[in-house]
Amino acid sequence: MNTFEVVQGAIIAVVVAASALIAFRKLLPKTSARLMARVSASLNREGRSAVFRFIGRRFQPATATGSCGDGCGSCSSCGPAAPRSEAQPLHFKTRG
């Protein structure tokens, strides 16, 4: 096993881990926020070094501000829904 194979394997592992993290956060947002809050709380404790506390603050999930512009969707009052338009028929044209 040469150096190229080791570097290639490490790069592929990082890309796969990043893809899995993105998919996890996109498909399970509430679970992801809970997990990130736990990690943040465990790192950002008294007695930890400044580096760990900084990382803990960075992992802390963003909280909803409660305003209509943050897109949290928790109050269901982000304005009226857009009116539905009438169904439009499809027109197919032959290639000629």
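Basis for what follows: all heavy atoms, side chains included, without hydrogens, waters or symmetry-related copies. For this chain, numbers begin at 1 and follow the sequence in order.
A donor-acceptor contact shorter than 3.5 Å is absent between the side chain of Ser40 and the backbone of Met36. A donor-acceptor contact shorter than 3.5 Å links the side chain of Ser42 to the backbone of Val39.
Phe52 is connected to Phe59 through a chain of hydrophobic side-chain contacts under 4.5 Å among Ile, Leu, Val, Met, Phe, Trp and Tyr, so both are in one cluster. Ile22 and Val15 fall into different hydrophobic clusters, where Ile, Leu, Val, Met, Phe, Trp and Tyr residues are linked whenever their side-chain heavy atoms come under 4.5 Å apart, directly or through other members.
Crowding of Arg58 atom CZ: a count of heavy atoms from other residues, nucleotides or ligands under 6.0 Å not exceeding 12.
Within the structure, salt bridge (charged side-chain N to carboxylate O under 4.0 Å, His left out) pairs that include any residue of residues 10-33 do not occur (at least two apart or interchain). A salt bridge (charged side-chain N to carboxylate O under 4.0 Å, His left out) check over residues 31-48, counting only residues at least two apart or in different chains, returns the pairs Glu46-Arg53.
Counting heavy atoms from C-beta on, the side chains of Phe24 and Thr31 come closer than 4.5 Å.
Going from atom OG of Ser32 over to atom CG of Leu27 covers 10.5 Å, rounded to the nearest 0.5 Å.
Glu5 is linked by a side-chain contact (heavy atoms from CB on, under 4.5 Å) to Met1, Asn2, counting only residues two or more places apart in sequence or in another chain.
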